Student: 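This structure is in structure tokens; I'll ask about it shortly.
The shown structure was predicted, so the numbers you read here are calculated from the model rather than taken from an experiment.
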Amino acid sequence: MRPYFFFSYARRDHLAGGAFVDQFFTDLRDELARIEPESGPGELAYRDTERLRIGDDWERQLSRMLGASRTMVALYSPAYFASPYCGKEWTAFDHRTRLHEEQTGESVPALIPVLWEPPPEDLPAEVRRIQYLQHDFGAEYATGGLRHLLRTDPQGTAYRKVVRVIAERIREAASWRVTELRELDLGQVEGCFPVEEVAPVAVRSSLVRLFVAARRAGDPPAPVGGAGAVNGDRFPVQRSEADAARTDRAAAAGGPANGGTGGPGGPYQGGWYGPHPRDWAPYHPPRLPSLAVQAQQVITRAGHSTSLETVGPDLADALDRARENNEVSVLLVDPWAAGAEPFRQALRDFDRQNHPVTAVLLPDSTDDPPAGAARARLWEGVREVFARTWLHRSGPEPLFRIHIRRERFERELLSTVTVAQNRLLDQLDDDPVAARAQFGLGPDPRPMPGLTIPAWPPVPPEPPVSPGPPVPRPGNAPGAGAGSATGAGTGAAPGPRGALREETVPLTNRAPSEGEADR
């Protein structure tokens, strides 16, 4: 059997985000099956976790399948180029393509790189000669890799295009049938990487978990609690017929989806909505990407990893699990949705408990609704839901922040993430240096401009020096001091910029052997 492609990836990438690796492999295999319908499932792809069984000689089987597969898909990442075994796989298959060219004169692009994460700069010369970027895959792919596309928009146009193009490349290259190596022994192959400059990639121990509570297109106006409300609920001012007509015309013209919004200048009640809470765009005029996706991009640019979930009944349990895994969390809450199910009870339960490393952000537009009774009722309802947390909204470093305007959203988001991570580090006091290392942080982090959070760990003060007898000098005023002490300035304080992991997914139900663990 000669599979269409051999799936070469770093085991550490699978440990750090196995769900994403699994999804790409499955999507690629399914797309190839769509364009090659006559091929059987076993003929499409080879991946070690799906084929190896208890008792198999894993190195011998990998060698055999790598020598027989028609193409190889390699997931480029820092972890890939830090893996000796990935270096063996890459080198062996590259040798196959060169041998085929020597024997037939045909240059076949059967080694197909996929940019999983941006690789290190100092790649071996053998790797650099093979193009691994394609301009029409877009800037997000070029700067963040396929894992970033999967994390931010797992079924988006950009991701689907990469899957489709790679499947086409596999089919095209497979038709050439590169020379088979029947006696390939990976144990004897000397890989062209890892290079010495590439540091081992540690399995990440935490990430920033985002939870969103927002309405969807077509939802009825949310009830707002307040004194004197009927049955404890009071509804915001409804749209006028003119507002509704403007909204209907905008929707018909392909404008933003919006459940209960007015036209330009009208009461748009929470922003623009789509079929999922993550589509919420609270600011006027609306912009892409949505607030949740924007938050993921901001956190990713700051050097962290993120996950995105919708607030649900199990919110408190999810936050507790995150804390146990040394992960901080951020709730993005639509003020118009806070007082209505399915979010109200989950947010109230959150408010009654202690979640010291979870931030809550409530974006707000100044005219949503305009100042007056309706606006007061809206925020009174928010206060009822967050009755306990509301008391902590003021202070030097609050994790509960309301009335966040568009121009301050990114700054407020990064600030709360930094505060939450610092608090988490303060709680991990058994070995603070090791705790920082879990986040990818050194003992002396670089400052993040604009944040006023004390550096950690603090620099111990110098011991006082006992003054000696004064030495008279010409021109010295009697009793004059020899110098002055300067206090700490108010410059930017550092924020942790470590790379955080996603939930671990087991590679297989068997323990890896010594050589396999190097993948």
Side-chain angles (χ1 to χ4, degrees), residues 15-20 117 140 144-145 147-154 202-214 277-278 280 289-312 315-333 350 355-363 397-401 404 408-428 435-441 445-446 448 450-451 453 456 494-505:
L15 288 173
F20 294 141
E117 288 183 337
E140 285 192 85
R147 183 174 178 271
H148 171 73
L149 296 182
L150 267 168
R151 187 173 56 227
T152 56
D153 194 1
V203 176
R204 297 165 180 174
S205 61
S206 190
L207 79 159
V208 179
R209 299 186 65 175
L210 291 171
F211 296 83
V212 61
R278 65 170 173 263
W280 171 45
S290 67
L291 191 78
V293 174
Q294 180 188 356
Q296 287 194 295
Q297 293 175 348
V298 170
I299 293 172
T300 301
R301 287 197 300 267
H304 312 310
S305 296
T306 67
S307 66
L308 179 60
E309 304 168 56
T310 301
V311 167
L315 173 65
D317 291 338
L319 296 177
D320 287 340
R321 289 194 300 270
R323 171 64 187 86
E324 292 170 1
N325 293 330
N326 296 337
E327 300 163 355
V328 302
S329 303
V330 178
L331 309 186
L332 302 175
V333 180
F350 161 84
H355 297 283
V357 294
T358 298
V360 182
L361 303 182
L362 287 97
E397 296 172 356
L399 286 178
F400 181 74
R401 306 192 184 189
I404 300 175
R408 291 191 57 83
F409 174 73
E410 293 189 5
R411 176 185 174 89
E412 297 278 1
L413 174 64
L414 287 180
S415 175
T416 53
V417 168
T418 304
V419 171
Q421 288 181 333
N422 280 353
R423 292 185 183 180
L424 182 58
L425 288 170
D426 288 342
Q427 296 173 16
L428 302 175
R436 289 189 66 82
Q438 286 184 326
F439 287 85
L441 304 174
R446 293 180 296 174
M448 180 183 292
L451 301 185
I453 300 163
W456 190 100
R497 300 174 64 87
L500 312 177
R501 74 162 172 85
E502 296 173 22
E503 296 182 1
T504 298
V505 178

Student: What are the two closest heavy atoms between I299 and S305, and how far apart are they?
Tutor: CG2-O, 4.4 Å
Student: Considering residues at least two apart in sequence or located in another chain, which fulfil the ring pair (Phe, Tyr, Trp, His ring centres under 6.0 Å) criterion with F211?
Tutor: none
Student: My understanding is that only residues two or more places apart in sequence, or in another chain, count here; which of them pass side-chain hydrogen bond (donor to acceptor under 3.5 Å, both in side chains) with E410?
Tutor: Q294
Student: Going by side-chain contact (heavy atoms from CB on, under 4.5 Å), name the residues that satisfy it together with T358, two or more places apart in sequence or in a different chain.
Tutor: L319, S329, L331, F350, H355
Student: Does the side chain of Q421 come within less than 4.5 Å of V208's, by heavy atoms?
Tutor: yes
Student: Roughly how far, to the nearest 0.5 Å, is CZ of R323 from CZ of R209?
Tutor: 13.5 Å
Student: Might you point out which heavy atoms bring L332 and A292 nearest each other, and give the distance in Å?
Tutor: CD1-CA, 4.1 Å
Student: Please name all residues satisfying side-chain contact (heavy atoms from CB on, under 4.5 Å) with A359, sequence neighbours left out, ordered by chain then number.
Tutor: V330, L399, T416
Student: Which heavy atom in E327 sits nearest to a heavy atom in V357, and how many Å separate them?
Tutor: O-CG2, 4.1 Å
Student: Calculate, to the nearest 0.5 Å, the distance between atoms CG and OG1 belonging to L413 and T418 respectively.
Tutor: 9.0 Å
Student: For the pair D153 and V293, evaluate side-chain contact (heavy atoms from CB on, under 4.5 Å) and give the outcome as yes or no after the intermediate values.
Tutor: CA-CA 8 Å; D153 194 1; V293 174; over 6 Å; no
Student: Over all heavy atoms of both residues, which pair between F409 and L361 is shortest? Give the atoms and the distance, please.
Tutor: CE1-CD1, 4.3 Å
Student: Indicate whether any N or O donor in one side chain lies under 3.5 Å from an N or O acceptor in the other, for Q296 and T152.
Tutor: no
Student: Which value, rounded to the nearest 0.5 Å, describes the distance between R401 atom CZ and L362 atom CG?
Tutor: 12.5 Å
Student: For a 4.5 angstrom cut-off between non-hydrogen side-chain atoms, does Q297 reach T300?
Tutor: no
Student: Rounded to the nearest 0.5 Å, how far apart are CD of E140 and CG of L149?
Tutor: 6.0 Å
